[in-house]
2 protein chains.
Amino acid sequence: MKYSEFLKLIPDSKIDICRAAFLEHKDKIQIKKEAVVIKNLEKIFDATLKIGVSKGFQAMTMRDLSAGSGLSMGALYSYFSSKDEILSVYLGQGRKIVKQVLEAFLVKENDPVAKLETVIQIHLFLTEKMHQWFYFSYMEAKNLNPEEMEKSIQSELYTEKLVSDILIEGYKKNIFKDGDHVLGASVIKAMLQDWYLKRGKYARRKIGVDHYAQFIMAFVSAFYLV
Amino acid sequence: MKYSEFLKLIPDSKIDICRAAFLEHKDKIQIKKEAVVIKNLEKIFDATLKIGVSKGFQAMTMRDLSAGSGLSMGALYSYFSSKDEILSVYLGQGRKIVKQVLEAFLVKENDPVAKLETVIQIHLFLTEKMHQWFYFSYMEAKNLNPEEMEKSIQSELYTEKLVSDILIEGYKKNIFKDGDHVLGASVIKAMLQDWYLKRGKYARRKIGVDHYAQFIMAFVSAFYLV
DNA sequence: TAAAATAGAACAAATGCTCGTTATTTCTTG
DNA sequence: CAAGAAATAACGAGCATTTGTTCTATTTTA
């Protein structure tokens, strides 16, 4: 699959995140009308991402966010009860989308090689589409409270397990070589993460996501295909 | 080479960093006696690393640092003129050590395969020994001023170039396959970085640095060896 | 005892958050 | 369908606290 095809197949993640955040936090948000909430959550999350990526969440002040989102301090606090809550909710909702999309695409495949290619591609495509969110999530996870941080770690391990399960299945079907598949998955994950952690570098070198996906698949295949 | 052997071959990086920092900033540091400076720089850097890794440099206050290092606020400011300067100096000195050690080991090798193995091993061993420094450096680089940030990026690209040069040399000698060696080096770098970015995960799984180095070498060899 | 090093109170600026007020939208009623 | 009333949303100055930094007083060292 090409990235361009992928884009056509998935809904707009931005609005999804805002709608889901509203539904899940309806009781905490002091604003009642859905349309208003979604419109402003989008402003808040957009500004959080923009400022957060450029100077870090800790360094972002509520005044920065107010200026960036176009909402007053007071308005911000009628959507979220604290600065930290913005981070928690935003990262939490993003994680859900990631899980949903990955599973939706993986369920279509049966062959281990196709599954491996799919998980590599879709992970890269997702991180391409939401690259700022991923970068932000990676860099700011340590600023979350312990339980939210745990969720973040679990989310990482979940993706890794998707990969290691595929490797193990492939080995059992005599398609992949034997080996430490957990460590293998870990290393593959590292390569996938590099795509959004070093976005600027790859852009400067004019390496696109389709090319990167194909390269990673070749790299991994060389080691695992029998 | 094993990590245990590596450790015997290199001097204590902690004291090296402090001594180098003193020599280079003698004029800026208001304290005159070298022994005093080095003793206290070590306390300051240790505390910076400890607090910085756990809560991030931005969130670390000078009072945290004062408590953590056992020095008063006044004392801290007779070693550094600002909080940011601590970060700049510490990261800068660390980068120097990394460069020195990598080059010292690489110069001993001639064969591309041996060079590749060396750069993988030494990079991993260095990041094992200084893993907190590397993690801290990676996470806080974006909080540096533009010129220091540029140095940080250059330092990353330098390591990558070490790898890509080896791959290209190996290709010219018909030992390695053809391909996009810059992209290859980039991906190898990502795997190397994972070692210190996910230190906790590997520790929990009881995977040691020697085993990880051997795995990465096998992974890379499968793709590159003709 | 003079120089060097450290201490920690004091200061201005900045920060997260609150709360009384104002503006806007929606509903009610003659 | 007005126009007043009620509900909802947005505003932003102000509060207590915390922050990086400075400065003078004190202690330590040689």
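Convention: sequence-line order gives letters A, B, ...; per-chain numbering from 1.
Residues in residues 48-69 of chain A take part in these salt bridge (charged side-chain N to carboxylate O under 4.0 Å, His left out) pairs, two or more places apart or across chains: A:K55-A:D64. Counting only residues at least two apart or in different chains, side chain to side chain donor-acceptor pair (under 3.5 Å) contacts with residues 180-190 of chain A comprise A:E156-A:K189, A:S186-B:K201, A:S186-B:Y202. The side chain to side chain donor-acceptor pair (under 3.5 Å) analysis of residues 36-48 of chain A, with sequence neighbours excluded, yields the pairs A:N40-A:Y79.
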When you compare the protein's N or O atoms with those of nucleotides 19-29 of chain D, which come within less than 3.5 Å of each other, and at what distance?
from	atom 1	to	atom 2	distance (Å)
D:dG20	OP1	B:M60	O	3.4
D:dG20	OP1	B:K83	NZ	3.0
D:dG20	OP2	B:M62	N	2.8
D:dG20	N7	B:R63	NH1	3.0
D:dG20	O6	B:R63	NH2	2.7
D:dT21	OP2	B:Y77	OH	2.6
D:dT21	OP2	B:K83	N	2.8
D:dT21	O5'	B:Y77	OH	3.2

Atom pairs under 3.5 Å: protein N/O with N/O of nucleotides 20-23 of chain C:
none

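When the ring-ring contact (aromatic ring centres under 6.0 Å, His included) test is applied to A:F125, the partners found at least two apart in sequence or on another chain are A:Y3, A:F6. Taking the side chain to side chain contact (heavy atoms under 4.5 Å, CB included) definition, one finds that A:K161 meets it with A:S164, A:D165, sequence neighbours left out. With sequence neighbours left out, B:F134 forms a ring-ring contact (aromatic ring centres under 6.0 Å, His included) with B:Y196. By the ring-ring contact (aromatic ring centres under 6.0 Å, His included) test, A:Y158 is found to be paired with no residue, residues two or more places apart in sequence or in another chain being considered. Residues that satisfy the salt bridge (charged side-chain N to carboxylate O under 4.0 Å, His left out) test with A:K142, not counting sequence neighbours, are absent from this structure. Listed by chain and number, the residues in a side chain to side chain donor-acceptor pair (under 3.5 Å) with A:R205 are B:E160 (sequence neighbours excluded).
Applying the 6.0 Å contact sphere to NZ of A:K14 captures no more than 12 heavy atoms from other residues, nucleotides or ligands. Within a 6.0 Å sphere centred on NZ of A:K108, other residues, nucleotides and ligands contribute more than 12 heavy atoms.
Dashed line: the shortest gap from a side-chain N or O of B:Y79 to OP1 or OP2 of C:dA5 is not under 4.0 Å. Phosphate proximity of D:dC11 to A:S72: present, with a side-chain N or O under 4.0 Å from OP1 or OP2.
Rounded to whole Å, atom P of C:dA3 lies 16 Å from atom CD1 of B:I31. Atom CD1 in A:I86 sits roughly 15 Å away from atom P in C:dT15 (whole-Å rounding). Distance CD1 (B:I29) to P (C:dT6): 12 Å, rounded to an integer number of Å. Taking atom NZ of residue A:K55 and atom P of nucleotide C:dA14, one finds them 12 Å apart after rounding to whole Å. In this structure, A:K43 atom NZ and D:dA10 atom C1' are separated by 11 Å, rounded to whole Å.
Across its full length, the helix from C:dT1-D:dA30 to C:dG30-D:dC1 shows an angle of 10° between the axes of its 5 terminal pairs at either end, rounded to 10 degrees.
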